Number of protein chains: 2
Amino acid sequence: MPDPALSTSPWGSRADRAAERDAKRKAVLTTAVRFFNSKGFAATSLDDVAKALQVTKPTIYHYFSSKDEILFECVRLGLEAIRDAAEQVRARGGSGRERLEALMLEYALVMTRDFGICVTRTSDDQLGDDSRVRFRALKREIDLILRDVITDGMEDGTLAQGDPRVVCFTISGALNWIARWYRPNGPMTAQDVARSTVATLMAGLAS
Amino acid sequence: MPDPALSTSPWGSRADRAAERDAKRKAVLTTAVRFFNSKGFAATSLDDVAKALQVTKPTIYHYFSSKDEILFECVRLGLEAIRDAAEQVRARGGSGRERLEALMLEYALVMTRDFGICVTRTSDDQLGDDSRVRFRALKREIDLILRDVITDGMEDGTLAQGDPRVVCFTISGALNWIARWYRPNGPMTAQDVARSTVATLMAGLAS
DNA sequence: ACGAGGAGTTACCCATCGGTATACATCTTA
DNA sequence: TAAGATGTATACCGATGGGTAACTCCTCGT
């Protein structure tokens, strides 16, 4: 008669399976995104990714249905990180300027991490029709939140007047570009980079 | 006895041939760069380009030795346009701030044109080893000129103090990003976009 | 007139790579 | 302990696309 506490519950077991499956999916994504960021999406073959994970290509297809899905999941993780931070900031108190600054800091930090970098390096022509639509929608969500905060700041007088659209693009460009030049082993930490870039944007170039 | 004035000079003839060859090379580049910008480099086949020019692929190989060379020539045209403008601005008179503003305006304008757009969309992993080295060297040249002007402005007091490296990247990012959102048929002209982006960077976001 | 070479074509090669069919092992559950 | 689900591997397919071989045609210079 076995100890009842040791008997494998179908629930626990099923949860374990699901958790393990998720962990493996995530492992594929983190490996893939590094390849995408260093070699480019097109130049990365799924055999590369499989080899790095010490499995074979069909194993990857056991967790994902296509290369396109893998890329989309990578950019989704990056974009949702930004969007979630942006939405939290939008909702909280403070002047428009304070909220914009907080938003930009979070945005900048995401851009120093793998999935954020992948977002900037991915142009929508690389995605399939379906993923492209969802990709654009996510980017648009972020854009709208950003513009919202900018407009608030212009109205409450804490931000300089201007075309919110241009201001939004200027900010996005400067922050997205971090993904291209930031190096984890460089002289500046991610925090340093985020803070100084945001400060430069806020204060402007002129003295 | 034919009219000597009508006789075809070997010089004129050779010059014609060379000029025509150059014109055809240029035609390949302008067609290719549009494909690269709209579909991405990897997704563009040389058959696409050839078809658009109403010739066949080997004809293209008559003018270029590889797909890599075509891409490199495209980014070279974009980068040299920026570099030449930057060098002219650096040499001329005026305060650091005035020169930086002029440089940024030219830079921004290049980013609204095909070869400039290609520069931003090309990451160096897409180039062969040889081209990649030259690509990086050209970008570095521009970076150094830009930093030079920035440092001048910080020293003469017309620009705000800061880390020239971060300021340089912030500017590059904001200006390069224009290539991603500017649309020739949109509400703003290239001049509008350039002027307002530069103004935003100069004045800063805070009021 | 004729040879040389530039310009272009057709037909082809072959490496790469996304994706699949299928077999085998393992683990779960009744 | 047998049945079914799950995970992984081997072997393969088929399309795409960079690049080449070899031939034709035209133009020019001698």
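Treat the numbers as computed from the prediction; the structure is a model and nothing was measured. Below, chains carry the letters A, B, ... as their sequence lines are ordered, and counting in each starts from 1.
Atom CD1 in A:I60 sits about 15 Å away from atom C1' in C:dT20, given to the nearest Å. A:E20 has its CD atom 13 Å from the P atom of D:dT6, to the nearest Å.
Residues A:D130 and A:R134 are not paired through a salt bridge, judged by the lack of any N-O separation under 4.0 Å between the basic side chain and the carboxylate. Salt-bridge annotation for A:D22 and A:R25: absent, with no side-chain N of the basic residue lying under 4.0 Å from a carboxylate O of the acidic one.
Proximity of residues 38-55 of chain B to DNA chain C (heavy atom under 4.0 angstrom from any strand atom) is restricted to B:V55. For DNA chain D, the residues of residues 21-33 of chain A within the heavy-atom distance limit of 4.0 Å (strictly under) are A:R21, A:K24, sorted by number. Contacts between residues 61-78 of chain B and DNA chain D, defined by a heavy-atom separation below 4.0 Å, involve B:Y61, B:S66, B:K67, listed by number.
When the side-chain hydrogen bond (donor to acceptor under 3.5 Å, both in side chains) test is applied to A:R99, the partners found at least two apart in sequence or on another chain are A:D152. With sequence neighbours left out, the side-chain hydrogen bond (donor to acceptor under 3.5 Å, both in side chains) criterion links A:E73 to A:R76. The side-chain hydrogen bond (donor to acceptor under 3.5 Å, both in side chains) test applied to A:S123 returns A:D125, not counting sequence neighbours. Residues that satisfy the side-chain hydrogen bond (donor to acceptor under 3.5 Å, both in side chains) test with A:D192, not counting sequence neighbours, are A:T189.
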Which pairs would a plain distance check flag for residues 49-57 of chain A, meaning a side-chain donor or acceptor within less than 3.5 Å of a matching protein atom at least two apart in sequence or in another chain?
none

Output side-chain donor-acceptor pairs under 3.5 Å for residues 175-187 of chain A, partner residues at least two apart or in another chain, one line each.
unit_1 : atom_1 : unit_2 : atom_2 : d
A:N176 : OD1    : A:Y107 : OH     : 3.0
A:N176 : ND2    : A:S172 : O      : 3.1
A:R180 : NH2    : B:T120 : O      : 3.2

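Using a 4.5 Å heavy-atom threshold, the side chains of B:R140 and B:L144 count as touching. Side-chain contact between B:S131 and B:L71 is absent, with no heavy atoms from C-beta onward closer than 4.5 Å. Between B:D143 and B:F169, some side-chain heavy-atom pair lies under the 4.5 Å cut-off. Between A:M202 and A:M104, the closest side-chain pair of non-hydrogen atoms falls below 4.5 Å.
Taking five base pairs at each end of the helix from C:dA1-D:dT30 to C:dA30-D:dT1 and finding the rotation axis that steps the C1' atoms of four pairs onto the next four gives two axes whose angle is 0°, to the nearest 10°.
Put simply, the side chain of B:K57 and the base of D:dG17 share no donor and acceptor less than 3.5 Å apart.
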Detail all sub-3.5 Å separations between protein N/O atoms and N/O atoms belonging to nucleotides 23-27 of chain D.
none

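Sorted by first and then second residue, the pairs that involve residues 38-89 of chain A and meet ring-ring contact (aromatic ring centres under 6.0 Å, His included), not counting sequence neighbours, are A:F36-A:F41.
Taking only side-chain nitrogens and oxygens, A:T56 never comes nearer than 4.0 Å to OP1 or OP2 of D:dT8.
None of B:L138, B:V110, B:L109, B:I145 except one satisfies the side chain to side chain contact (heavy atoms under 4.5 Å, CB included) rule with B:I82; the exception is B:V110.
In the displayed structure, B:E87 atom CD is contacted under 6.0 Å by more than 12 heavy atoms of other residues, nucleotides or ligands.
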